[in-house]
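Heads up: the structure comes next, in structure tokens.
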Number of protein chains: 2
Amino acid sequence: MAIPRAAKTLRRTRIQEEKEEQILEAALDVFSVSGFRGSTIDQIAEVAGMSKPNLLYYFRTKEAMHRALIDRVLYNWLEPLRAFDAEGNPESEIRSYIRRKLEMARDFPRESRLFANEMLQGAPHVLDMLKGPLKELVDEKAAVIRTWIKSGKITYCDPYHLIFSIWSTTQHYADFDVQVRAVLGEEHSGDGRFEDAARFLEQLFIGGLRPDRSGR
Amino acid sequence: MAIPRAAKTLRRTRIQEEKEEQILEAALDVFSVSGFRGSTIDQIAEVAGMSKPNLLYYFRTKEAMHRALIDRVLYNWLEPLRAFDAEGNPESEIRSYIRRKLEMARDFPRESRLFANEMLQGAPHVLDMLKGPLKELVDEKAAVIRTWIKSGKITYCDPYHLIFSIWSTTQHYADFDVQVRAVLGEEHSGDGRFEDAARFLEQLFIGGLRPDRSGR
DNA sequence: GGATAATTTGACCGATTGGTAAACATTACA
DNA sequence: TGTAATGTTTACCAATCGGTCAAATTATCC
């Protein structure tokens, strides 16, 4: 007789690791496109290549699957912001933050869309995380940026909106990929657009944040 | 006996105008949060305050409702970009484009989210419009920006990525509203954040695009 | 190799989905 | 005011939804 599913959390077999991995991979495919409400367990089961009851053996509900997926993806997603360092000089820190975020948009677009979907729906599953850990992390980095401003290394500006604008410009290339490709045309739909975007954004932010050159 | 619905398009009664308006308003509420797949006709009917069959009397399918909604919203959505003018000087044109887009994010967040949802899902209903009319409009405005660059009014940059970055930074305040509020905290969740954002973004773009001050 | 635990499946359930049919009610207009 | 066109509702349909169950299969370990 199968053991109650709670026991799974005590010891995990090889098969469990593999299947859960497979399922979350498929779930990312589906949830990132259709959002939570728009996705079905059958869809995910099909992408994962297994039967629906089999999938439900590993995750008891659609909710549980979604939560596991978000938990798993969240840590890496915030990594670039955590790496944002007060010690480095502003120009190179901002430059590499932009680079890192653009790389994530290029290499992990599904993860970006998963969060975007969540945001559009009002963040029903991650609101606490936004108000707690994320806010704290951003507050911390905003303080760093303020020290840069006070020491005259970058021009005066609102650090929160600076962070928002880096998030939005970079994630745009994942979340609105289809629009970007449509506007740029087939011929610019290779990965080259990420290099072009990096060049533009670095120029924009470095130029836009340079300390006042003519008195303000 | 009720006339076949095709006849409705010939002459529209007062009731038709009112009810269709009511329905599309409710549809905007629902589709903008849950996307096409995640929304149900019952939900929309409830928000619209009418029965499902009644709603289906005006729009035969969920698809038809969604299409009508998109058609209706699209024209206004592109208005700010159309207003982007080659004659004005770059600084004030960019400034007012940012203002207009931010005002739309503030005043029409549902419309913004409707499109964002559509993009995340790969633009199944508007791909042709993106590749056609939108691309042409952007190409046209990109050409304007290039003349500004050639005449030395703004610094050299990729006009497409410039447009993308204005889109993304401004729409962010509608699409990721819940995140913005969470990070800024309750006390900054009044409409003041749009003024702060406007100030920051104007500074960023005007500063970032100012012709080279030190030789390149 | 056999017992036992872990995994997989097909058949199924009640609720919800998008949508229809036809009776009924209301409006517009001669 | 009568009547034909328009609008609304109730009852319903087949398909799909999230999820269960028990039986069948496979892996594990002595």
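Bear in mind the structure is a predicted one, so any value in this text is a computation, not a measurement. Residue numbers begin at 1 in each chain, while the letters A, B, ... track the order of the sequences.
Whole-Å rounding puts the B:Glu18 CD to D:dG7 C1' distance at 13 Å. The interatomic distance linking A:Asn54 (CG) with D:dA27 (P) rounds to 13 Å, in whole Å. Between the P atom of C:dC24 and the OH atom of B:Tyr57 lies a distance of 18 Å, rounded to the nearest Å. Between the CD atom of B:Glu17 and the C1' atom of D:dT6 there is a distance of 15 Å, rounded to whole Å. Look at OH on A:Tyr58: it is 10 Å from P on C:dT9, rounded to the nearest Å. Distance A:Met50 CE to C:dA6 C1': 15 Å, rounded to the nearest Å. In this entry the distance linking CG of A:Leu56 with C1' of C:dT7 reads 14 Å, nearest Å. Straight-line distance from the CZ atom of B:Arg60 to the P atom of C:dG18: 18 Å, rounded to whole Å.
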Discussion item. Pair B:Asp196, B:Arg193 - check salt bridge (Lys or Arg N to Asp or Glu O under 4.0 Å), show working.
Written reply: CA-CA 5 Å; B:Asp196 296 341; B:Arg193 68 186 182 287; over 6 Å; no
Practice prompt. Might you work through the salt bridge (Lys or Arg N to Asp or Glu O under 4.0 Å) test for A:Asp71 and A:Arg67, ending with a clear yes or no?
Written response: CA-CA 6 Å; A:Asp71 284 350; A:Arg67 191 164 34 247; 5.8 Å; no
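Between D:dT8 and B:Ser51, no contact under 4.0 Å exists linking OP1 or OP2 to a side-chain N or O.
Ranking D:dT8, D:dG19, C:dT7 by closeness to the A:Gln16 side chain, first place goes to C:dT7.
A ring-centre distance under 6.0 Å is found for B:Trp148 and B:Phe84.
A cation-pi contact, defined as under 6.0 Å to the ring centre and within 45° of the axis, is absent between A:Arg113 and A:Phe176. Annotation: cation-pi geometry satisfied between A:Arg82 and A:Tyr75 (NZ/CZ under 6.0 angstrom from ring centroid, within 45° of ring axis).
Aromatic ring pairs are classed by plane angle as parallel below 30°, tilted from 30° to 60° and perpendicular above 60°; the pair B:Phe164 and A:His172 is tilted. B:His161 and A:Tyr173 have tilted rings, their planes meeting at an angle from 30° to 60° on a 0 to 90° scale.
A search for ring-ring contact (aromatic ring centres under 6.0 Å, His included) contacts involving A:Phe115 returns A:Trp77, not counting sequence neighbours.
Of the residues in residues 38-46 of chain A, A:Ser39, A:Thr40, A:Ile41, A:Asp42 come within less than 4.0 Å of DNA chain D through at least one heavy atom, sorted by number.
At the heavy-atom level, A:Lys52 lies under 4.0 Å from base atoms of the strands shown.
Comparing the axis of the opening five pairs of the helix from C:dG1-D:dC30 to C:dA30-D:dT1 with that of the closing five pairs yields an angle of 20°, rounded to 10°.
Counting only distance, with no hydrogens or angles, the side chain of B:Glu118 and the backbone of B:His125 share a donor-acceptor pair below 3.5 Å.
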